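Worksheet for the structure shown next.
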Protein chains: 2
Amino acid sequence: MPVATREWQLAARPHGEPTPDDFRLVELERPGPAEGQVVVRMLVMSVDPYMRGRMNAGKSYAAPWEIGETMKGGAVGRVVESRSPAVPEGSLVLADAAWRDVAVLDAAHVRVLPELPGIPPSYYLGVLGMPGLTAWVGLFRMAEFREADAVFVSGAAGAVGSLVGQFARLNGASRVVGSAGTPEKVRWLTGELGFDAAFDYHDGPVAELLRDAAPEGIDVFFDNVGGEHLEAAIGAFNEHGRGALCGAISGYNAVEPPPGPRNMFLMVGKKLSLRGFIVGDHTDMRDEFTTKVTRMVTSGDLVVRETVRDGLDDAVDTFLDLLRGGNTGKMIVKLAEG
Amino acid sequence: MPVATREWQLAARPHGEPTPDDFRLVELERPGPAEGQVVVRMLVMSVDPYMRGRMNAGKSYAAPWEIGETMKGGAVGRVVESRSPAVPEGSLVLADAAWRDVAVLDAAHVRVLPELPGIPPSYYLGVLGMPGLTAWVGLFRMAEFREADAVFVSGAAGAVGSLVGQFARLNGASRVVGSAGTPEKVRWLTGELGFDAAFDYHDGPVAELLRDAAPEGIDVFFDNVGGEHLEAAIGAFNEHGRGALCGAISGYNAVEPPPGPRNMFLMVGKKLSLRGFIVGDHTDMRDEFTTKVTRMVTSGDLVVRETVRDGLDDAVDTFLDLLRGGNTGKMIVKLAEG
């Protein structure tokens with residue numbers, strides 16, 4: 001029996017900041033499940049900054065989304081019909097399910113999730129999902145974080161940044177500093193999250209704000225923002241400083257590339273390293289990450305915050321708001337109870 | 001008995017391109033050797049691009065040279081008087097001896113050199129010295145060169161670059177590409193040195209020249225030049241490209257910092273790494289380097305070229321000419337026969 005779905009498709013390639021006209025919500029009938037497939041009713045879906053890059057044409061680390069194609073993304077749902085013994089009806093599953101309310105998926109392409117007290121389904125899109133692993137890989141592998149390092153995180157109130165700072169604090173950082181885009185976020189960082197200092201990057205040149213926040217310099221930089229933040233970090237690095245470059249949201253909607261850091265010559269004298277990375281290359285760390293971070297969550301050591309918005313109809317608005325910094329912690333689109 | 005010396009001192013801090021007035025040649029009487037010291041008559045001394053940085057005030061990886069102080073640098077000489085049994089008269093020694101014809105040195109601070117057929121003393125300032133080890137460390141440790149990598153070297157006709165390209169070729173690079181500043185140097189690279197392609201960076205935008213020289217992209221970049229070369233390499237990198245940042249001679253005389261690379265966002269999507277380094281942190285590689293490269297030199301596998309200029313009186317002019325690219329291979333100042 002065919003399955004009725006509602007799906008968001010890319011209607012046009014955005015030029016600069018995306019507008020609602022670049023997207024369309026369609027109603028479809030998808031073929032019912034074949035042998036080995038399951039029907040999943042989605043409970044929560046993810047909107048993430050990296051998705052902006054997929055909307056552009058041209059070569060990147062992943063193929064661009066095609067015009068007229070349903071947009072991709074992580075989601076967690078409940079299996080409502082199963083033709084696979086490995087994934088029985090009622091299972092909670094994570095899938096790269098795309099922006100839709102119901103999906104027919106190969107059982108081999110979903111991951112059955114444990115249902116643990118204190119771990120709602122949405123956490124598998126955030127702290128225990130791709131953003132959490134991104135924070136873990138970037139801090140520990142790419143930036144080679146060591147006890148007593150001073151750490152600076154840009155975009156520190158986001159899904160990834162808020163975890164990076166906490167992982168660093170819980171692992172003996174000498175100082176944890178973050179930047180964010182509103183006074184409320186800054187207060188949250190130095191309050192509930194226990195950052196040693198934080199600043200609103202609208203308040204002045206980032207290099208000066210960072211110098212005040214980390215007067216003894218930084219050893220590790222985790223970059224979600226790029227542009228001026230990267231130049232400031234290069235200037236603030238101590239010798240042997242290490243940067244993990246995770247994203248550059250400041251430039252995602254840029255039509256012209258932003259100016260580059262004018263102080264790259266410091267890379268030599270201070271013996272700095274900068275390493276860009278994509279979490280998909282580092283899934284070998286997932287088991288260690290999942291075990292340790294699940295414990296941090298259930299013990300209450302880790303503060304987890306989400307910004308939850310309701311409904312598939314508003315998913316594009318929620319995504320656009322994410323790009324404008326409307327989230328604190330992970331931005332989640334809630335699709336159904338369950 | 002006091003020892004008469006002639007020494008070059010820094011007379012003033014250069015602003016932009018140094019002029020002869022920034023230096024002065026003085027005649028001194030230094031105290032004769034104490035117990036444990038030796039008197040060394042210098043045969044050859046080194047001028048190197050890094051020295052330009054030492055002439056500036058301000059914090060760097062090494063303390064700046066002081067005004068009125070004899071300028072430092074590597075030299076090889078013959079011991080003409082010894083008060084140390086460890087370093088007898090007649091020994092050939094390497095020392096951080098400064099710009100002078102005769103030096104009184106602690107025996108503990110000189111390294112006695114072997115005298116091997118086919119290895120003139122000047123090689124210990126170049127291919128078997130600091131520039132050689134710099135090439136080795138940068139290629140194999142910082143850029144993690146692997147067989148079949150395509151390699152781009154900027155400033156490829158210099159002391160370091162000419163070795164990087166050859167080390168890569170002799171170790172199975174799929175392609176070796178270099179940039180240089182004159183047509184003669186370019187011909188030397190693709191001729192005697194066996195580079196697959198080379199270009200004169202005056203001939204157009206470096207990004208375009210590099211695209212023509214390495215149409216399949218590059219995996220490793222060894223940077224001696226910085227600026228536009230760095231941006232071009234970031235653009236040309238294949239996924240997981242690795243850059244060893246050794247120097248940025250294009251900016252050494254700059255009064256204002258040059259524009260930074262406008263394509264740093266590619267670091268994430270292509271998962272690139274850039275690592276600045278100073279050879280002094282990597283002396284643990286010296287024994288392996290010395291053994292292997294001595295063999296490459298004596299076997300004739302490695303082409304070694306020097307630009308030799310005569311005399312201490314012209315040492316400053318030789319240094320200024322080095323900054324303008326007047327050398328092919330290592331620039332050497334010859335002080336005496338011996």
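Computed from a prediction, not measured in an experiment: that's the story for all the values here. In what follows, chains are A, B, ... by sequence order, proteins preceding strands, each numbered from 1.
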Let me check something: any side-chain donor-acceptor pairs from residues 137-144 of chain A under 3.5 Å, sequence neighbours excluded? List them with distances.
from     : atom 1 : to       : atom 2 : distance (Å)
A:Arg141 : NH1    : A:His282 : ND1    : 3.0
A:Arg141 : NH1    : A:Asp284 : OD1    : 3.1
A:Arg141 : NH1    : A:Asp284 : OD2    : 3.3
A:Arg141 : NH2    : A:Asp284 : OD2    : 2.7

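- When all heavy atoms of B:Val268 and A:Leu245 are compared, the closest pair comes out as CG2-O, 3.5 Å.
- The environment of A:His240 atom NE2 is dense: over 12 non-hydrogen atoms of other residues, nucleotides or ligands sit within 6.0 angstrom.
- Contact of the B:Arg275 side chain with the A:Leu272 side chain is not registered, since no non-hydrogen atoms from C-beta on lie closer than 4.5 Å.
- Looking at every heavy atom in both residues, B:Arg262 comes nearest to A:Pro259 through CG-CA, 4.4 Å.
- Proximity to chain A (any heavy atom under 4.5 Å) is shown, for B:Leu274, by both the backbone and the side chain.
- For chain A, no part of B:Asp223 is nearby; none of its heavy atoms comes within less than 4.5 Å.
- Distance check, rounded to the nearest 0.5 Å: CZ of A:Phe265 to OH of B:Tyr252 gives 11.0 Å.
- In terms of the salt bridge (charged side-chain N to carboxylate O under 4.0 Å, His left out) criterion, A:Asp96 has no residue partners (sequence neighbours excluded).
- Heavy atoms closer than 4.5 Å to chain A are found in the side chain of B:Leu230, but not in its backbone.
- Expressed to the nearest 0.5 Å, how far CD of A:Glu231 lies from CE of B:Met264 amounts to 10.5 Å.
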